[in-house]
Amino acid sequence: MLPIDVAAHSSRWRGRHPLEKALLGFGLTVTAVSLPPWPGGPLVAAATLAVLLGPAGVSGRQLWRAFRVPLGFCVTGALPLLVSVGGGPDGFLAPAPDGPRHALDLLLRTSAGSLGVLLFAFTTPVSDVLPRLVRAGVPAPVVDVALVMYRIGFLLLDSLAQVRRAQAARLGQAGRAAAWRSVAGLAATSFVRAFDRAARLQEGLAGRGYDGALRVLVPPARLSRRFLAAAAALLAALVAGTLVLKELGL
């Protein structure tokens with residue numbers, strides 16, 4: 001399993017209803033995107049970090065390992081705003097007017113919004129969310145395909161790790177030429193194993209009387225009014241604090 005999935009399964013909030021965590025996590029994301037980037041972005045990011053490292057019980061190391069990837073995308077997306085491309089008087093490539101400000105605004109919004117998504121991911125396993133989507137009106141075949149692909153994804157990752165270990169044990173990474181041959185062999189083996197896994201899964205489902213719906217036991221969970229009220233209060237405080245600070249010119 002991926003580290004973020006391990007953290008979600010062992011989270012302090014594992015027993016809470018996914019809707020509670022979705023309203024909090026995605027509410028913080030929407031707030032970060034909707035509010036002015038300054039001071040809204042830093043306020044939302046600080047509040048999300050406080051929830052992640054505090055009540056949610058996520059370790060700082062786990063959070064950084066998961067956050068550095070979306071943060072890289074945020075930085076990469078903000079960099080093009082620093083320049084303008086065209087036939088202007090300054091040449092084909094020139095600094096964009098107010099480029100640093102626009103880039104900083106985008107970086108603040110996207111990084112704070114990414115933390116809100118990570119809050120939901122770190123506290124809610126996918127296996128707790130997908131079965132409940134049927135009750136929310138999502139067609140059962142769509143949910144079944146998502147469950148199967150989620151499972152196959154981990155199986156393929158495990159197969160890739162096994163093949164790479166076998167190649168390393170046979171000096172498959174000893175040189176550049178050997179490394180390229182190992183990459184080609186890894187891709188070919190993974191392709192074959194993917195079809196083999198799919199065929200075995202289909203045979204297993206047929207042998208168990210699959211009738212078009214995967215029935216999965218869903219852990220019981222009740223909505224907590226206190227948690228929902230606290231989440232709403234946090235979001236309202238962030239909105240009010242941002243507007244007040246913006247009005248004061250801070």
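In this chain, residues are counted from 1 in sequence order.
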Subject >> Side-chain heavy-atom pair Leu24, Leu234 within 4.5 angstrom cut-off >> reply: yes
Subject >> Main-chain N/O of Ala7 paired with Ser11 side-chain donor or acceptor, under 3.5 Å >> reply: no
Original post:
Atom CZ in Arg68, atom CG in Leu63: separation rounded to 0.5 Å?
Top reply: 11.5 Å
Subject >> Cluster link Leu35 to Leu23, ILVMFWY, side chain under 4.5 Å >> reply: no
**OP:** Report yes or no: does Ser111 contribute a side-chain atom to a donor-acceptor pair with the main-chain N or O of Leu108 at less than 3.5 Å?
**Re:** yes
Original post:
Is there a side chain to side chain contact (heavy atoms under 4.5 Å, CB included) between Val58 and Leu118 once you walk through the steps?
Top reply: CA-CA 10 Å; Val58 180; Leu118 287 177; over 6 Å; no
Original post:
Below 4.5 Å, heavy atoms only, C-beta onward: do Thr48 and Thr29 meet side chain to side chain?
Top reply: no
**OP:** Check ring-ring contact (aromatic ring centres under 6.0 Å, His included) between Phe26 and all other residues, then give those that pass, not counting sequence neighbours.
**Re:** Phe120
**OP:** To the nearest 0.5 Å, tell me how far Leu245 CG sits from Glu247 CD.
**Re:** 11.0 Å
Original post:
Is there side-chain contact between Leu28 and Leu238, with heavy atoms separated by less than 4.5 Å?
Top reply: yes
Subject >> Arg164 atom CZ, over 12 foreign heavy atoms within 6.0 Å >> reply: no
Subject >> Donor-acceptor contact present, side-chain Lys246 to main-chain Pro39, <3.5 Å >> reply: no
**OP:** Apply side chain to side chain contact (heavy atoms under 4.5 Å, CB included) to Arg222 and His17, showing your working.
**Re:** CA-CA 6 Å; Arg222 293 184 178 180; His17 198 286; over 6 Å; no
Subject >> Residues Arg109, Asp105: salt bridge by 4.0 Å N-O rule >> reply: no
Original post:
Which atom pair, heavy atoms only, marks the closest approach of Gly241 to Leu43?
Top reply: C-CD1, 4.1 Å
Original post:
How far apart are the closest heavy atoms of Ala112 and Gly41, and which atoms are they?
Top reply: CB-O, 3.6 Å
**OP:** State yes or no: do Leu115 and Val33 share one hydrophobic cluster built from I, L, V, M, F, W and Y residues joined by side-chain heavy-atom distances below 4.5 Å, directly or via other members?
**Re:** no
Original post:
Hey, what else clusters with Leu81 if you join Ile, Leu, Val, Met, Phe, Trp, Tyr whenever side-chain heavy atoms sit under 4.5 Å?
Top reply: Leu106
Subject >> hydrophobic_cluster_shared for Leu53 and Ile4, side chain cutoff 4.5 Å >> reply: yes
**OP:** Output the distance between atom CZ (Phe227) and atom CH2 (Trp13), rounded to the nearest 0.5 Å.
**Re:** 4.0 Å
Subject >> Within 6.0 Å of CZ in Arg101, more than 12 heavy atoms from elsewhere >> reply: yes
Subject >> Contacts of Arg14 that satisfy side-chain hydrogen bond (donor to acceptor under 3.5 Å, both in side chains) - sequence neighbours left out >> reply: His9, Asp128
**OP:** Any chance you could measure Leu71, atom CG, to Thr110, atom OG1, to the nearest 0.5 Å?
**Re:** 8.0 Å
Subject >> Gap separating the CH2 atom of Trp64 from the OG atom of Ser59, nearest 0.5 angstrom >> reply: 14.0 Å
Subject >> Student check: side-chain heavy atoms of Arg12 and Pro55 closer than 4.5 Å >> reply: no
**OP:** Please name the pair of heavy atoms, one in Ala121 and one in Ala8, separated by the smallest distance, quoted to 0.1 Å.
**Re:** O-CB, 3.4 Å
Subject >> Side-chain donor/acceptor of Glu20 to backbone N/O of Ser224, under 3.5 Å >> reply: yes
Subject >> Residue of the set Thr31, Val30, Leu235 for which side-chain contact (heavy atoms from CB on, under 4.5 Å) holds with Val44 >> reply: Thr31
Original post:
Under a 4.5 Å side-chain heavy-atom rule over Ile, Leu, Val, Met, Phe, Trp and Tyr, are Leu19 and Leu119 clustered together?
Top reply: no
Subject >> Hphob cluster co-occupancy, Leu82 + Leu107, side-chain heavy atoms under 4.5 angstrom >> reply: yes
**OP:** Indicate yes or no: at least one non-hydrogen side-chain atom of Pro37 is less than 4.5 angstrom from one of Leu104.
**Re:** no
Subject >> Beyond-backbone contact of Thr123 with Leu52, side-chain heavy atoms, under 4.5 angstrom >> reply: no
